[in-house]
Amino acid sequence: MADAKIIDGKALALEVRAQVAQGVAALKESHGVTPGLAVVLVGEDPASSVYVRNKGKQTAAAGMASFEHRLGADTAQADVLSLVEKLNADPKVHGILVQLPLPGQIDADAVIQAIDPAKDVDGFHAINAGRLMIGLPALVPCTPVGCILLARKALGDLTGAHAVVVGRSNIVGKPVAQLLLRENCTVTICHSRTRDLPAVTSQGDILIAAVGRPEMVKGGWIRPGACVIDVGINRIEGEGGKSKLVGDVDFAEAVKVAGSITPVPGGVGPMTIACLLRNTLRAARAIEGLDEE
Ligand code: NDP
């Protein structure tokens, strides 16, 4: 069998960002509104710092206003909450993102639930999670939206496909499962207590891996011809002691079995920021009382 088709997340992210830039320009032109995204970073986690810098750059490139708030690692929870309150009330800010993980003295859930759900562009607020579940318009977490756009790119209409999701986190597994249901898939969710995981994953026409375990999903776990979306970002030691990024799927094995597959890096990763910008535009339009995109 021929190797799987590689689903190019960088190219699709470029398309999404170009659409967002168009929407931003149109909103400025028609209503004089510039969507604004505020990103809050507490502490100096190096990976988070890189993400925040990239988010700022891409936000500006899409024509939006970018507001960065960098707070010291020892910032008290009350101070983070009061910044969130200020951003909730700021009419120039349409999206608020608090970069996770937060330092230990801060209860991440308390901070997330303090964000105005209308500005919750990460889609982690209970109101948005609930709206997604009951099929109302919602701000939906960015990585799961990226997964759906990638699967659609590879397969077109997803109706009737059996989608198997490995992982049940609130950030990826659960929302991606909800979105797959919305796409009319038959959905199976697996987790650390699933019995005989390979027997379940190998039933999926679509397999989404969001586990956080380097190269766990082997070629034999995959249904021949399946569409494999690898959400994992794991840093491991590669040849010569150099660190490298790998997904949750053993790419070298999977590419021989799957019909299409996302690489790591260059698959789901670039889609996450693109979908964040998309959410910010959607939030701005909704806050301004315009129809949803
Ligand atoms: P979590 O650690 O929150 O969740 C992992 C899930 O995997 C849990 O539901 C857990 O099950 C399940 N799991 C763990 N071990 C096994 C196992 N051996 N067999 C079956 N299931 C298992 O991770 P996230 O959802 O936040 O992230 C998952 C991965 O995606 C990570 O690699 C992360 O870095 C990456 N990620 C990538 C993003 C991107 O932009 N590309 C964005 C967000 C995350 P249980 O619930 O039973 O514990």
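One-based numbering along the sequence shown. Atoms within a ligand are numbered from 1 in the order they appear, just like the ligands themselves.
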Please state which protein non-hydrogen atom is closest to [atom] and give its distance, to 0.1 Å?
atom: atom 1 (P) of ligand 1; value: S169 CB, 4.1 Å
atom: atom 46 (O) of ligand 1; value: R168 NE, 2.7 Å
atom: atom 42 (C) of ligand 1; value: T143 OG1, 3.3 Å
atom: atom 17 (C) of ligand 1; value: M216 SD, 3.9 Å

Minimum heavy-atom distance between I261 and A254, given as atom pair plus value: CD1-CB, 3.6 Å
Under 3.5 Å: N/O of S192 near N/O of ligand 1: yes
Within-cut-off N or O pair, I233 and ligand 1, under 3.5 Å: yes
I148 reachable from L277 in the ILVMFWY side-chain graph, under 4.5 Å edges: yes
Salt-bridge present (K218, D250; N to O < 4.0 Å): yes
Ion pair R152/E183, N-O distance below 4.0 Å: yes
Close approach, M271 and ligand 1, non-hydrogen under 4.0 angstrom: no
T194 touching ligand 1 at heavy-atom level, < 4.0 angstrom: no
Can you tell me which portion of [X] lies within the under-4.0 Å heavy-atom range of ligand 1? Options are side chain, backbone, both, or neither.
X: N234; value: side chain
X: T272; value: side chain
X: R213; value: side chain

From the candidates V264, T262, V211, the one that places a heavy atom nearest atom 22 (C) of ligand 1: V211
N234 side chain near L245 side chain, heavy-atom distance below 4.5 Å: no
Those atoms of ligand 1 less than 4.0 Å from some heavy atom in V231: 30 (O), 35 (C), 36 (N), 37 (C), 41 (N)
